Amino acid sequence: MKAMKIMGMATALAFALTLASCHTTEANYKAAYDKAVEKTRQNRGLEWEEKQADRVRANTVIDGDSVRVKRYHFNVVDDKPAVAKKYAVVTGEFQQKFNAMSMRDRYRKEGHQSYVVYHAKEKTYFVVVNAYDDLAVAAAFIRIMKDKTKVKPTVPRPWVLEKM
């Protein structure tokens with residue numbers, strides 16, 4: 001009987017030590033993540049880095065603010081073309097229509113006149129949070145957008161889409 005007790009205690013101790021020694025630490029996760037990020041950066045190359053730099057580059061100065069303005073022909077998705085005004089503030093760029101529509105719906109719940117446009121050449125859906133007839137007003141909205149919306153932009157820096 002005494003031998004059974006000792007054997008049971010030894011088994012329980014071995015099991016407890018096994019559980020305690022096999023867990024992953026935060027340092028292990030961080031090392032694996034850093035390794036994966038570095039591998040991804042190496043695979044992207046210089047062309048990808050230049051494209052990302054272009055996404056945040058401002059090309060127009062309006063009332064002292066630097067704003068990226070792009071002129072495109074585009075199609076309004078699931079809405080009347082009349083909703084599109086001359087200048088639109090873009091806060092999201094997606095390859096899939098579903099994701100763009102989802103972001104648009106979140107903006108609409110906040111009371112914005114949001115819509116989605118499709119640019120065929122880039123094969124990209126742009127989410128417009130608000131559109132204006134004046135470029136200065138669109139640039140001003142970008143400045144105060146953090147206070148007016150709860151939805152976080154998916155682009156590095158919101159920009160203005162000019163209707164051609």
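From a predicted model like this one, the values you see are computed outputs, not experimental measurements. By convention here, the first residue in the shown sequence is residue 1.
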Minimum heavy-atom distance [X]-[Y], with the two atoms named:
{"X": "K123", "Y": "Q95", "answer": "O-OE1, 2.9 Å"}
{"X": "A100", "Y": "V127", "answer": "O-CG2, 3.6 Å"}
{"X": "V67", "Y": "R157", "answer": "N-NH2, 4.3 Å"}

Taking the side chain from [X] and the backbone from [Y], do they hold a donor-acceptor pair closer than 3.5 Å?
{"X": "T149", "Y": "M145", "answer": "yes"}
{"X": "S114", "Y": "V128", "answer": "yes"}
{"X": "N130", "Y": "V89", "answer": "no"}
{"X": "E110", "Y": "K150", "answer": "yes"}

Across all chains, not counting sequence neighbours, the ring-ring contact (aromatic ring centres under 6.0 Å, His included) partners of Y125 are Y118
Quick note, salt bridge (charged side-chain N to carboxylate O under 4.0 Å, His left out) partners involving residues 73-87, not counting sequence neighbours, are D78-K97, D79-R108, K86-E162
K30 vs D34, salt bridge (Lys or Arg N to Asp or Glu O under 4.0 Å): CA-CA, chis, key distance, verdict: CA-CA 6 Å; K30 176 128 176 61; D34 290 341; 3.2 Å; yes
Paired with Y72, the side chain to side chain donor-acceptor pair (under 3.5 Å) test is passed by just one of H119, K121, E122, namely E122
Of F94, W159, Y115, the one forming a side chain to side chain contact (heavy atoms under 4.5 Å, CB included) with F126 is W159
